[in-house]
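Presented below is the structure to which this report refers.
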Amino acid sequence: GSTACQACAAGQVVAQSGSNACASCGQEQWQAAEGRSSCDAARRCTATQWQTKPYTFSSDRICKAHTTCTDTQFQASSASGFNDRVCQESTTCTSTEWESTPLIKLADRVCTPHTTCSGTEYETVAAGASSDRTCQPHTICSSTQWETVAFTATSDRACAAHTTCEDRQWQTKAEGTHHDRECKAHT
């Protein structure tokens with residue numbers, strides 16, 4: 001009786017020369033074809049790759065390059081040897097917002113609504129894409145003053161002291177909040 005050669009299945013090789021016994025490929029080895037006498041070393045993913053499919057005794061490991069985030073994205077989830085990096089589009093601030101925290105590689109930018117000046121305030125610093133608007137309270141003229149210049153959205157009001165009539169003068173127009181007292185010399 002002659003011994004018939006047995007073809008080992010994929011993932012196996014002949015255990016030893018002249019033997020009819022088959023053995024599985026070793027650790028980190030594989031082979032895909034029936035009847036092969038040696039196994040191949042499994043592919044190793046590099047530091048810039050991740051494993052999308054592990055090796056088996058009959059198939060090689062599949063590696064894929066990590067995703068690279070663009071200049072308009074940030075990394076929402078980090079990469080490893082077994083998962084890809086997750087990139088997310090960054091927030092874009094609207095015209096009513098300013099960038100209070102800039103976009104960085106690992107975090108999204110933060111947009112904050114611009115301050116709105118109230119009716120009793122004026123704008124001292126205009127709102128910008130990377131800075132907030134600054135508001136200051138309007139000056140309030142005292143009872144001994146009158147408003148010489150009215151406020152605007154971007155400027156304060158100006159006040160001046162009311163004129164005091166001298167001894168030889170008489171008042172021809174009483175003081176008001178928006179006009180001065182007028183005096184005229186006695187004749």
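Counting begins at 1 with the first residue of the sequence.
- Using a 4.5 Å heavy-atom cutoff, the side chains of Cys183 and Glu166 are not in contact.
- Here the closest non-hydrogen pair linking Cys135 and Thr115 is SG-CG2, 4.0 Å.
- The two atoms that bring His178 and Glu147 nearest to each other are CD2-OE2, 3.2 Å, heavy atoms only.
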request  = Starting from the C-alpha separation in whole Å, work towards a yes-or-no answer on side-chain contact (heavy atoms from CB on, under 4.5 Å) for Cys141 and Arg157.
outcome  = CA-CA 9 Å; Cys141 299; Arg157 74 168 46 92; 3.7 Å; yes

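- Side-chain contact between Val14 and Cys8: present, with at least one pair of heavy atoms (C-beta onward) separated by less than 4.5 Å.
- Side-chain atoms of Thr134 do not come within 3.5 Å of backbone N or O of Thr124 as any donor-acceptor pair.
- At a threshold of 4.5 Å between non-hydrogen side-chain atoms, the residues Ser24 and Gln12 count as touching.
- The CD atom of Gln31 sits 8.5 Å away from the OG atom of Ser58 when rounded to the nearest 0.5 Å.
- The CD atom of Glu89 sits 4.0 Å away from the OG1 atom of Thr72 when rounded to the nearest 0.5 Å.
- Minimum interatomic distance between Ser59 and Lys53 (heavy atoms only, all atoms of both residues): OG-NZ, 3.6 Å.
- Using modelled atom types, no side-chain atom of His162 and backbone atom of Asp180 make a donor-acceptor pair closer than 3.5 Å.
- Considering NE2 of His186 and CZ of Arg168, their distance stands at 10.5 Å, rounded to 0.5 Å.
- Closest approach of Asn83 to Trp50, counting heavy atoms only: CA-CE3, 3.5 Å.
- For the atom pair OG (Ser90) and CD (Gln73), the distance works out to 8.0 Å, reported to the nearest 0.5 Å.
- Looking only at side-chain heavy atoms (C-beta outward), Cys93 and Arg109 come within less than 4.5 Å of each other.
- With hydrogens and angles ignored, the 3.5 Å screen pairs a side-chain donor or acceptor of Thr52 with a backbone N or O of Ile62.
- Rounding to the nearest 0.5 angstrom, the gap separating the NE2 atom in His66 from the OG1 atom in Thr46 is 7.5 Å.
- From Arg43, atom CZ reaches atom OH of Tyr55 across 14.0 Å, with rounding to the nearest 0.5 Å.
- Between Gln49 and Cys63, the shortest heavy-atom distance links the atoms OE1-CB, 3.6 Å.
- When hydrophobic side chains of Ile, Leu, Val, Met, Phe, Trp and Tyr are connected at separations under 4.5 Å, Phe74 ends up clustered with Leu103.
- Trp170 approaches Ala185 most closely through the heavy-atom pair NE1-O, 3.7 Å.
- Ser100 contributes a side-chain N or O that, together with a main-chain N or O of Val110, makes up a donor-acceptor pair within less than 3.5 Å.
- Judged as a ring-ring contact (aromatic ring centres under 6.0 Å, His included), and not counting sequence neighbours, the contacts of Tyr122 are His138.
- The side chain to side chain contact (heavy atoms under 4.5 Å, CB included) test applied to Thr116 returns no partner, not counting sequence neighbours.
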